[in-house]
Asks: 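There's a structure below that I have some questions on.
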Amino acid sequence: MRLVILGSTGSIGTQTLSIVRDNPGEFTVGAVTGNRNVKLLEEQAREFSPELVCAADEKSAADLKVRLADTGIRVEGGKESIKEAAALETADTAVVSVVGMAGIEPTLAAINGKKRVALANKETLVAAGNVIKASLAGSGAELIPVDSEHSAIFQSMLGMHDRKEIKRIILTASGGTFYGKKLDELRDVTPEQALKNPNWDMGAKVTIDSSTLVNKGLEMIEAKWLFDIDIDRIKVLVHRQSIVHSAVEFTDNAVIAQLGAPDMRLPIQFALTYPKRMPIRGNDLDLSECAKLTFEEPDTETFYALELAKTAGRENGTLAAVFNGADEAAVELFMNGRIAYTGIAEAIEYAMGRHTSINDPSLADIYEADREARALVAERFGRGL
Ligand code: MN3
């Protein structure tokens with residue numbers, strides 16, 4: 001199987017390449033793309049010999065061209081080149097692990113190129129779910145989730161006879177760094193404190209989003225689109241151990257879940273090999289060593305961003321793009337010490353309250369909603385505390 005890996009220098013990208021490395025003969029790499037990390041892109045290009053390497057940043061691409069001049073590997077730069085890589089003729093599967101709204105168009109390009117899309121980018125479905133679903137219909141492409149929760153739901157639905165048999169989805173949440181804390185205890189939280197996540201090793205933005213439960217909110221909206229289910233039939237449960245990665249409850253009350261050690265290599269690899277499974281070394285789950293598995297309702301008074309996500313996910317409009325854009329802008333302000341930790345949810349609520357949603361939006365509507373959300377947050381909160 002020939003892969004293109006969009007966002008190959010990030011956490012999902014490097015783990016995807018480690019799967020390729022561990023399985024010589026199973027996978028080849030057609031293209032890798034990144035943004036500015038030219039050193040790592042060069043290393044990856046030399047190790048995996050793709051036919052195309054792209055950097056979204058043009059200056060980085062120029063640098064990369066010099067670095068790879070002796071290899072004969074084609075180097076391209078700019079956003080268009082990422083789309084070209086996504087639809088690479090010789091590839092079967094595009095792993096989309098680009099960060100942010102920049103994931104949307106490469107995903108569409110991969111769908112148009114009839115690829116299997118192993119989707120790790122959240123914004124694509126959160127902001128542009130209606131556009132992606134429309135382009136998928138009858139395309140010959142397929143969309144397989146990479147995120148651990150969505151992979152678990154996907155795996156729990158395998159063998160299902162009829163979609164009508166789904167009663168609800170149980171989306172598990174680690175609860176984040178500030179589990180058990182109340183709103184008034186969170187005002188003085190620093191970025192350093194927020195960046196500690198006990199179970200998963202993730203990027204900074206995702207770690208903050210996990211702690212505010214915004215991440216779970218984004219995942220609810222993603223699940224709605226991926227599994228074609230009403231957001232009110234998605235139930236979030238806090239499960240501190242991160243062993244049950246999510247579950248599906250069926251109409252006969254059977255609850256089918258996928259369990260495993262917290263290790264992203266499983267959902268990444270399964271998105272590539274589905275419907276087949278392949279061995280992964282290390283990190284097997286010893287149930288006898290899981291002393292106790294706990295499940296509880298989330299504290300939606302403290303972590304009310306989860307409720308805001310539900311509001312956004314009840315419609316098929318631009319409100320979800322606003323939820324996402326406002327969060328991204330607010331997290332950045334928080335990381336720069338400009339707003340309090342609790343200001344993140346406040347900023348999302350503020351932007352959502354001021355937005356007039358457009359139903360069944362075009363890509364242009366979605367980008368505009370994203371821009372508007374960021375502008376609203378910057379204007380209202382950007383001046384700092
Ligand atoms: Mn997740």
Side-chain angles (χ1 to χ4, degrees), residues 1 3-23 26-27 29 32-34 37 40 44 48 93-100 103 107 116-126 143-156 158 171-177 195-211 214-216 218-220 222-223 226 239-247 257-274 276-286 290:
M1 179 189 302
L3 311 177
V4 298
I5 301 156
L6 312 178
S8 65
T9 57
S11 166
I12 299 292
T14 52
Q15 291 183 81
T16 304
L17 286 170
S18 86
I19 291 166
V20 173
R21 188 181 294 123
D22 288 348
N23 297 280
E26 284 289 337
F27 305 107
V29 178
V32 291
T33 80
N37 192 346
L40 187 51
Q44 292 176 343
F48 296 99
T93 297
V95 178
V96 181
S97 50
V98 171
V99 175
T107 302
R116 168 178 291 187
V117 181
L119 185 66
N121 169 277
K122 286 209 160 78
E123 289 78 1
T124 296
L125 281 173
V126 168
L143 189 65
I144 314 281
V146 165
D147 200 358
S148 59
E149 294 83 352
H150 303 90
S151 176
I153 296 162
F154 179 73
Q155 292 179 59
S156 299
L158 295 178
L171 187 67
T172 53
S174 73
T177 318
L195 282 175
K196 283 185 195 134
N197 187 292
N199 294 357
W200 296 94
D201 180 16
M202 307 173 286
K205 162 78 167 40
V206 189
T207 305
I208 303 286
D209 282 348
S210 295
S211 76
V214 163
N215 183 56
K216 213 45 61 179
L218 295 170
E219 290 182 355
M220 286 179 89
E222 268 189 288
L226 267 170
H239 167 52
R240 296 293 286 160
Q241 300 79 21
S242 298
I243 296 295
V244 175
H245 296 309
S246 280
Q258 184 253 321
L259 284 68
D263 182 349
M264 282 308 292
R265 287 179 304 163
L266 164 56
I268 296 169
Q269 180 173 291
F270 190 64
L272 305 179
T273 63
Y274 160 79
K276 280 201 307 181
R277 289 186 185 274
M278 279 186 352
I280 293 181
R281 57 186 170 80
N283 252 346
D284 39 333
L285 176 65
D286 184 348
C290 301

Asks: Where the side chain of Thr177 meets the backbone of Lys196, is there a donor-acceptor pair that is under 3.5 Å apart?
Replies: yes

Asks: Would you say Asn215 and Asp209 are linked by a side-chain donor-acceptor pair, where the criterion is simply a distance under 3.5 Å?
Replies: no

Asks: Val96 pairs by side-chain contact (heavy atoms from CB on, under 4.5 Å) with which of Val4, Asn121, Val146?
Replies: Asn121

Asks: Check whether any side-chain heavy atom of Glu149 lies under 4.5 Å from a side-chain heavy atom of Glu222, and answer yes or no.
Replies: no

Asks: Applying salt bridge (Lys or Arg N to Asp or Glu O under 4.0 Å), name anything that partners Arg21, two or more places apart in sequence or on another chain.
Replies: Glu47

Asks: Less than 4.5 Å apart, side chain to side chain, heavy atoms only: is that true for Met264 and Ser148?
Replies: yes

Asks: Any chance you could measure Thr172, atom OG1, to Arg240, atom CZ, to the nearest 0.5 Å?
Replies: 12.5 Å

Asks: Please report the C-alpha distance between Leu119 and Ile144 in whole Å, then the side-chain angles of each, then the deciding distance to 0.1 Å, and finally whether the side-chain contact (heavy atoms from CB on, under 4.5 Å) criterion is met.
Replies: CA-CA 6 Å; Leu119 185 66; Ile144 314 281; over 6 Å; no

Asks: Taking the side chain as everything from C-beta on, heavy atoms only, tell me whether Leu158 gets closer than 4.5 Å to Tyr274.
Replies: yes

Asks: Could you please spell out the steps behind the side-chain contact (heavy atoms from CB on, under 4.5 Å) verdict for His245 and His150?
Replies: CA-CA 8 Å; His245 296 309; His150 303 90; over 6 Å; no

Asks: Can you check whether Asp147's main-chain N or O pairs, donor with acceptor, with Ser151's side chain at less than 3.5 Å?
Replies: no

Asks: Are the side chains of Leu125 and Leu143 in contact, using a 4.5 Å heavy-atom criterion?
Replies: yes

Asks: Check the pair Gln44, Leu17 against side-chain contact (heavy atoms from CB on, under 4.5 Å), reporting the backbone distance first and the verdict last.
Replies: CA-CA 8 Å; Gln44 292 176 343; Leu17 286 170; 3.3 Å; yes

Asks: Mind checking whether Met278 and Leu272 have side chains closer than 4.5 Å, heavy atoms only?
Replies: no

Asks: If you define the side chain from C-beta out and look only at heavy atoms, does anything of Leu285 sit under 4.5 Å from Cys290?
Replies: yes

Asks: When you measure from the side chain of His239 to the backbone N and O of Val244, does any donor-acceptor pair fall under 3.5 Å?
Replies: yes

Asks: Would you say Thr93's side chain and Leu3's backbone share a donor-acceptor pair under 3.5 angstrom?
Replies: no

Asks: So, Gln258 and Ser156: side-chain donor and acceptor under 3.5 Å apart, yes or no?
Replies: no

Asks: Given side-chain contact (heavy atoms from CB on, under 4.5 Å), test Ile19 with Glu26 step by step and report yes or no.
Replies: CA-CA 10 Å; Ile19 291 166; Glu26 284 289 337; over 6 Å; no

Asks: Check whether any side-chain heavy atom of Lys205 lies under 4.5 Å from a side-chain heavy atom of Lys122, and answer yes or no.
Replies: no

Asks: Test your reading of the model: is there a side-chain donor-acceptor pair from Arg116 to the backbone of Ala271, 3.5 Å cut-off?
Replies: yes

Asks: Can you check whether Leu266 reaches Ile280 side chain to side chain, under 4.5 Å on heavy atoms?
Replies: yes

